[in-house]
Amino acid sequence: MNNPILKGILAVLAGVFIGGMVNYGLIIISSSIIPPPAGTDLKTVEGLKAAMHLMEPKHFLMPFLAHAIGTLVATFVASSIADSYKIRYALGISAWFLIGGILNIIMLPSPTWFTLTDLIGAYLPFGYLGYLLSIRFIAKEKK
């Protein structure tokens, strides 16, 4: 594909979709890796809100990893597809995922320590890392 505009649109759509699927997949399998507190139902927002006071720090590990790795994969994919302005695509997609994280925290309040760790540590840093990895991957492919 030689059209940079279409390639840019494809980069954004593919990045957001694939990164979102990674995020979702990690959230889905999280309870099998770190079991939720006994007697809680984490399948609904209401159940999550009701169980929040029972959550220990270990229960927040998988959501953080889902947000961070989902963003990393999204920006890696988009930066790998885009012909130019790769950093702009990566930061734009990181911002998109950050907005999603902010909305998630508004809908599902979490402990302050997790809110800060998630918003500061997951989205923009891992988005930038995804960009850097894509640049390194592309450089290796050209050799």
Side-chain angles (χ1 to χ4, degrees), residues 1-37 40-52 54-143:
M1 177 184 312
N2 290 333
N3 187 328
I5 294 172
L6 288 177
K7 209 165 186 183
I9 292 168
L10 175 64
V12 169
L13 292 176
V16 168
F17 178 76
I18 294 169
M21 294 307 295
V22 168
N23 184 336
Y24 178 74
L26 288 170
I27 293 295
I28 292 299
I29 66 167
S30 67
S31 62
S32 63
I33 295 170
I34 300 173
T40 59
D41 174 25
L42 305 183
K43 292 182 174 49
T44 65
V45 173
E46 293 78 22
L48 279 165
K49 284 181 181 179
M52 196 60 70
L54 300 172
M55 300 279 192
E56 298 174 36
K58 68 181 181 181
H59 295 110
F60 293 94
L61 177 62
M62 289 303 293
F64 176 81
L65 290 175
H67 301 161
I69 295 171
T71 303
L72 180 129
V73 169
T75 58
F76 176 86
V77 168
S79 296
S80 297
I81 293 172
D83 279 337
S84 57
Y85 305 109
K86 294 173 182 289
I87 188 68
R88 290 182 185 180
Y89 285 103
L91 293 177
I93 288 173
S94 297
W96 177 259
F97 276 76
L98 175 61
I99 291 167
I102 292 168
L103 293 174
N104 187 49
I105 287 168
I106 290 169
M107 290 185 298
L108 183 65
S110 59
T112 303
W113 68 265
F114 176 73
T115 298
L116 293 174
T117 302
D118 194 49
L119 294 181
I120 294 169
Y123 303 102
L124 297 178
F126 278 84
Y128 185 66
L129 180 59
Y131 159 75
L132 292 176
L133 291 173
S134 76
I135 297 302
R136 179 174 234 165
F137 176 76
I138 290 168
K140 282 187 177 185
E141 288 292 311
K142 288 184 179 180
K143 287 184 178 181

So which atom in [X] and which in [Y] form the shortest heavy-atom distance, rounded to 0.1 Å?
X: Ala14; Y: Ile81; result: CB-CD1, 3.8 Å
X: Ser84; Y: Tyr89; result: O-CE1, 3.3 Å
X: Met107; Y: Lys49; result: O-CE, 2.9 Å
X: Ile93; Y: Ala78; result: CD1-CB, 3.2 Å
X: Thr40; Y: Ala51; result: CG2-CB, 3.5 Å

(message) Is it the case that over 12 heavy atoms from other parts of the model lie below 6.0 angstrom from the CG atom of Leu6?
(response) yes
Could you work out, with ring-ring contact (aromatic ring centres under 6.0 Å, His included) as the rule, every residue matching [X], not counting sequence neighbours?
X: Phe97; result: none
X: Phe114; result: Phe60
X: Phe137; result: Phe76

Rounded to the nearest 0.5 Å, how far does [atom2] of [Y] lie from [atom1] of [X]?
X: Leu72; Y: Leu65; atom1: CG; atom2: CG; value: 11.5 Å
X: Ile29; Y: Ile34; atom1: CD1; atom2: CD1; value: 10.5 Å
X: Leu129; Y: Arg136; atom1: CG; atom2: CZ; value: 10.5 Å
X: Thr115; Y: Ile106; atom1: OG1; atom2: CD1; value: 10.5 Å
X: Leu103; Y: Leu98; atom1: CG; atom2: CG; value: 9.5 Å
X: Ile28; Y: Lys43; atom1: CD1; atom2: NZ; value: 8.5 Å

Taking the side chain as everything from C-beta on, heavy atoms only, tell me whether [X] gets closer than 4.5 Å to [Y].
X: Leu42; Y: Met55; answer: yes
X: His59; Y: Leu54; answer: no
X: Ser31; Y: Met62; answer: no
X: Tyr85; Y: Pro4; answer: no
X: Tyr128; Y: Leu124; answer: no
X: Leu108; Y: Ile105; answer: no

(request) Sequence neighbours left out, what passes side-chain hydrogen bond (donor to acceptor under 3.5 Å, both in side chains) with Asn104? Give chain and number order. (result)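 Expected list: none.
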(request) Sort and list the pairs that fulfil side chain to side chain donor-acceptor pair (under 3.5 Å) and have at least one residue in residues 1-14, not counting sequence neighbours. (result)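 Side chain to side chain donor-acceptor pair (under 3.5 Å) check on residues 1-14 returns Lys7-Asp83.
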(message) Does anything in residues 60-80 form a side chain to side chain donor-acceptor pair (under 3.5 Å)? List the pairs, not counting sequence neighbours.
(response)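 As it turns out, the side chain to side chain donor-acceptor pair (under 3.5 Å) pairs with a partner in residues 60-80, which skip direct neighbours, are His67-Asp118, His67-Tyr123.
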